[in-house]
Protein chains: 2
Amino acid sequence: MTTGEKLLQQARLQFWTRGYSNVSVRSISAAAGVDVALIARHFGSKLGLFTASLDHGYDALSLPADPAQLEEYVIALFSQTPRGAAAPSLIQMITSNAHDETVGPMVRDLHRTRLQEPLERLIGRADRAALFMAALIGFAVTEKTLHLAAIARPGSPAYETQLRQLIRAALRFED
Amino acid sequence: MTTGEKLLQQARLQFWTRGYSNVSVRSISAAAGVDVALIARHFGSKLGLFTASLDHGYDALSLPADPAQLEEYVIALFSQTPRGAAAPSLIQMITSNAHDETVGPMVRDLHRTRLQEPLERLIGRADRAALFMAALIGFAVTEKTLHLAAIARPGSPAYETQLRQLIRAALRFED
DNA sequence: ACATGATGTCAACGTTTGTTGACACCCAGC
DNA sequence: GCTGGGTGTCAACAAACGTTGACATCATGT
């Protein structure tokens with residue numbers, strides 16, 4: 001694994017879980033086992049490393065074409081990244097960095113263009129898509145950040161049941 | 001207004017919206033119009049000022065005794081603090097600081113003891129209360145942090161409709 | 001009038017932060 | 001053989017951070 005790949009891996013691991021401002025370049029370089037100055041050489045700056053960690057992160061994300069498959073898609077999306085795993089999910093990255101003063105605008109724009117707007121086109125109604133996204137965001141925050149005990153662990157049957165209930169509820173609003 | 005009150009007001013305004021680590025003591029003291037060193041004198045440290053801003057913040061929060069009043073209570077809770085208001089809500093404070101490395105544990109503990117556990121006792125079931133709280137957290141993050149356009153502005157009829165739909169959906173899970 | 005404690009003012013400290021420049025290394029290409 | 005660009009190493013920088021100590025000011029009580 002090259003130096004750039006080591007840095008990218010650690011950057012995604014730390015930036016996506018702890019948040020941009022909470023992570024120092026020395027922390028990433030130390031975890032990658034390389035010198036601090038190599039971040040500036042390979043990625044220009046700390047911000048360049050963060051944006052690079054985004055570029056290779058959300059290209060795998062592709063919503064299903066059929067709204068009926070949305071529920072299974074979200075279940076799979078949340079189940080594939082257990083709590084504290086080595087590969088944080090895109091939603092966790094958003095909840096960890098959307099509030100940041102430096103990268104917040106970039107992250108919020110990414111959320112809008114890469115998640116929200118495709119979801120609106122898929123569901124067909126903006127307000128319903130917004131509440132659906134709010135349910136997902138809230139579930140992710142409650143599980144990954146607040147560590148709420150009543151939220152079951154990813155992979156367990158209860159976890160899938162909880163998530164499925166919230167999804168169905170968010171998708172079945174009456175007018 | 002005394003110096004301590006000025007500092008507390010600005011501390012609550014900035015800490016609760018921008019997050020603990022994103023706010024410097026110089027920013028608070030400058031907004032309050034007083035010297036930086038007065039924070040150390042009156043509250044001991046930056047962390048002391050933060051905890052003081054909590055003490056006078058959540059004492060007004062009291063859940064209704066009847067679960068049937070829960071919906072109206074949450075509506076009122078979210079409607080009384082418009083976007084960008086001078087008095088951020090307790091939920092916004094939690095979503096802005098729960099992820100912080102310094103005050104995160106304290107904030108998460110406050111969320112658990114002051115919001116989650118009383119809510120569990122009120123609703124009666126921990127898992128249902130957890131999903132209800134997840135819906136509220138998600139709505140707050142989507143509105144206050146992500147600034148999602150499809151979320152209507154607080155006070156408008158559409159806003160109340162959206163919030164009410166999410167609440168009802170979260171409270172009416174089938175077993 | 002004077003002493004005392006609380007409160008405000010100013011400058012500086014030590015640490016951590018991201019970033020930069022000088023230098024060594026190494027491996028291809030004329 | 002040696003030259004040059006890519007890569008790694010080390011030390012240092014300026015800026016921002018929270019915090020501290022010395023001194024000034026003011027109100028209060030005897």
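Residue numbers begin at 1 in each chain, while the letters A, B, ... track the order of the sequences.
For the pair F50(A)/N97(A), a side-chain contact is recorded, criterion being any heavy-atom separation below 4.5 Å from C-beta on.
Residue Y159(A) is tested with E143(A), R153(A), R164(A) for a side chain to side chain donor-acceptor pair (under 3.5 Å); the sole match is E143(A).
Distance, I39(A) CD1 to dT20(C) P: 13 Å, rounded to whole Å. A straight line from NZ of K46(A) to C1' of dA15(D) spans 14 Å, rounded to a whole angstrom. The distance from atom CZ of F43(B) to atom P of dT19(D) is 13 Å, rounded to the nearest whole Å. The interatomic distance linking E5(A) (CD) with dT7(D) (C1') rounds to 15 Å, in whole Å.
Atom CD1 of I94(B) and atom CZ of R114(B) lie 11.0 Å apart (nearest 0.5 Å).
Residue H42(B) places at least one side-chain N or O under 4.0 Å from the OP1 or OP2 atom of dG8(C). Listed pair T3(B) / dG8(C) meets the phosphate criterion, a side-chain N or O lying under 4.0 Å from OP1 or OP2.
The base of dG8(C) lies close enough to the side chain of R41(B) for a donor and an acceptor atom to sit less than 3.5 Å apart.
When distances are taken from the side chain of L38(B) to each of dG18(D), dT19(C), dT9(C), the shortest belongs to dT9(C). Which of dG18(D), dT17(C), dT9(D) sits closest to the side chain of V25(B) comes down to dG18(D). For A37(B), taking side-chain heavy atoms from C-beta onward, the closest of the listed nucleotides dG8(D), dG18(C), dT20(D) is dT20(D). Candidate nucleotides dT9(D), dT20(D), dT9(C) were compared by shortest atom distance to the side chain of D35(B), and dT9(C) ranks first.
Between R26(A) and V34(A), the residue anchored closer to the 5' end of DNA chain D is V34(A), taking for each the nucleotide with the nearest heavy atom.
Checked against a 6.0 Å centroid threshold, the rings of Y73(A) and F78(A) do not count as neighbours.
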